[in-house]
Structures are given as C-alpha cells and as structure tokens.
S.K.: 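Once you've had a glance at the structure underneath, I'll fire off some questions.
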Amino acid sequence: MPHAPHSATVAKGLLLLAFLVCTGGMVGPAGIEQVLVPWDKAAHFIAFYGLTLLLFTAFPRRRRLDLTVLAIFAGAGTEVAQILAGRDGEIGDLCADALGALAVLAPVWLEHLRFPRKERRASGLVNTEVLEPEREAA
C-alpha cells in the first residue's frame, strides 16, 4: 500500500488543529471568533475555505466534490452543536460555511470546464497516477 505524501501527513495534522480551533470558536462562548474577524459571516467563510483547502491537501486521492460536501455537512453539524450549546444556530452561518467550501471547489470545476479530460492528461494538469493506479501483476 503506498504511503501518503509528506504534505498530506502535515495537512492532516493541521486539519485536526484547525478543526479543533474552529469548533471551539463556533461552539464555545459567543463572540470568541470576533476577536480575529469582526463580521461573523466572514469568519465562517474564511474558516470553511481554509478547512476545505486542508481537506483537499490531506486527502489528495479523494473526490473534491465529496470533500466539499463533507465540509458543508461539518458546517451544518456546528450549527446544530451551537443550538445544543445554548447559542443561536443560524442559516446565514451555514450559507457562509457552504460558500467558503464551494469557493475552494470553484477553480477545480472551472479547470474541468476549460480543458477536456484528454488535454488535462496530456498537459499534466491531472495526476494520472490517481486516475489509473498501478495494477499488481497476478
């Protein structure tokens, strides 16, 4: 079984740390996240943009759309956790979370629209090792 690249290992550690910090900011006492970003929706957007970028780096062999949906579900989970912690869960926060996650996916999607699959492979824009893993000899 191939090992994950070093960047993926580092990204997994950073992802865990970022997730803990974001969860603490979103579920902890109200107002903590406003220390860094005064507008709540911008804080949610930035947090989920960063978390989604880390997800893409930590799990390079996973589909980007799946990772983006996972990030959006995590945003929904934080809103539910806020309600359970006695804070207000807001649809606006969930929308900001989703927009942050989708903002990471947008360039990937645009690249797929710009270049047909054959051109992406020929130009090296696609990691063909991920698309066509080596098959072991029987």
Side-chain angles (χ1 to χ4, degrees):
M1 176 182 285
H3 294 288
H6 181 66
S7 61
T9 305
V10 170
K12 286 176 185 172
L14 290 174
L15 179 64
L16 177 62
L17 179 64
F19 179 76
L20 292 173
V21 168
C22 288
T23 300
M26 289 181 211
V27 179
I32 283 182
E33 69 270 7
Q34 291 183 351
V35 171
L36 297 174
V37 182
W39 187 38
D40 179 49
K41 305 307 179 246
H44 280 266
F45 180 93
I46 292 167
F48 278 84
Y49 185 91
L51 288 171
T52 306
L53 274 176
L54 285 171
L55 275 171
F56 282 18
T57 306
F59 302 100
R61 295 182 182 269
R62 301 285 182 196
R63 288 183 10 181
R64 302 295 183 235
L65 181 60
D66 293 346
L67 294 173
T68 303
V69 169
L70 177 66
I72 293 169
F73 278 128
T78 60
E79 293 308 309
V80 170
Q82 283 181 352
I83 292 169
L84 295 175
R87 291 180 55 185
D88 292 331
E90 297 180 20
I91 286 291
D93 289 349
L94 179 56
C95 290
D97 298 343
L99 286 174
L102 291 169
V104 178
L105 185 63
V108 174
W109 180 70
L110 289 173
E111 184 261 327
H112 282 276
L113 289 178
R114 253 183 96 200
F115 299 103
R117 185 177 207 111
K118 253 184 181 175
E119 283 184 41
R120 287 195 309 268
R121 281 187 181 175
S123 68
L125 290 174
V126 171
N127 184 354
T128 55
E129 180 182 307
V130 172
L131 296 175
E132 299 168 0
E134 282 186 64
R135 299 202 171 130
E136 294 180 28

S.K.: Show the nearest heavy-atom pair for residues L94 and A76, with the distance to one decimal.
M.R.: CD1-N, 3.4 Å

S.K.: With sequence neighbours excluded, tell me which residues meet side chain to side chain contact (heavy atoms under 4.5 Å, CB included) with A96.
M.R.: K41, H44

S.K.: Specify the closest pair of heavy atoms between G75 and D97, including all atoms of both residues, with the distance to one decimal.
M.R.: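 So the minimum-distance heavy-atom pair works out to CA-OD2, 3.4 Å.
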
S.K.: Nearest 0.5 Å, what's the OG1-CD1 distance between T78 and I83?
M.R.: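 It is 10.0 Å, given to the nearest 0.5 Å.
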
S.K.: If every non-hydrogen atom of D88 is compared with every non-hydrogen atom of E79, which pair is closest and at what distance?
M.R.: O-OE1, 4.5 Å

S.K.: Counting only pairs under 3.5 Å, give me each side-chain donor-acceptor contact of residues 50-57, with atom names and distances, residues two or more places apart or in other chains.
M.R.:
| residue | atom | partner | partner atom | Å |
| --- | --- | --- | --- | --- |
| T52 | OG1 | F48 | O | 2.7 |
| T57 | OG1 | L53 | O | 3.0 |

S.K.: To which residues is V80 joined in a hydrophobic cluster, defined by side-chain heavy-atom contacts under 4.5 Å among Ile, Leu, Val, Met, Phe, Trp and Tyr, whether direct or through other members?
M.R.: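 Traced through the cluster, V80 reaches L84.
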
S.K.: Passes side-chain contact (heavy atoms from CB on, under 4.5 Å), Q82 versus D93? Steps please.
M.R.: CA-CA 11 Å; Q82 283 181 352; D93 289 349; 4.2 Å; yes

S.K.: What distance do L110 atom CG and L105 atom CG have between them, rounded to the nearest 0.5 Å?
M.R.: 9.5 Å

S.K.: P107 and V104: which non-hydrogen atoms are nearest, and at how many Å?
M.R.: CD-O, 3.3 Å

S.K.: Got a sec, which pairs hit salt bridge (charged side-chain N to carboxylate O under 4.0 Å, His left out) with one end in residues 65-75, sequence neighbours left out?
M.R.: R63-D66

S.K.: With sequence neighbours left out, what residues match L99 under side chain to side chain contact (heavy atoms under 4.5 Å, CB included)?
M.R.: F45

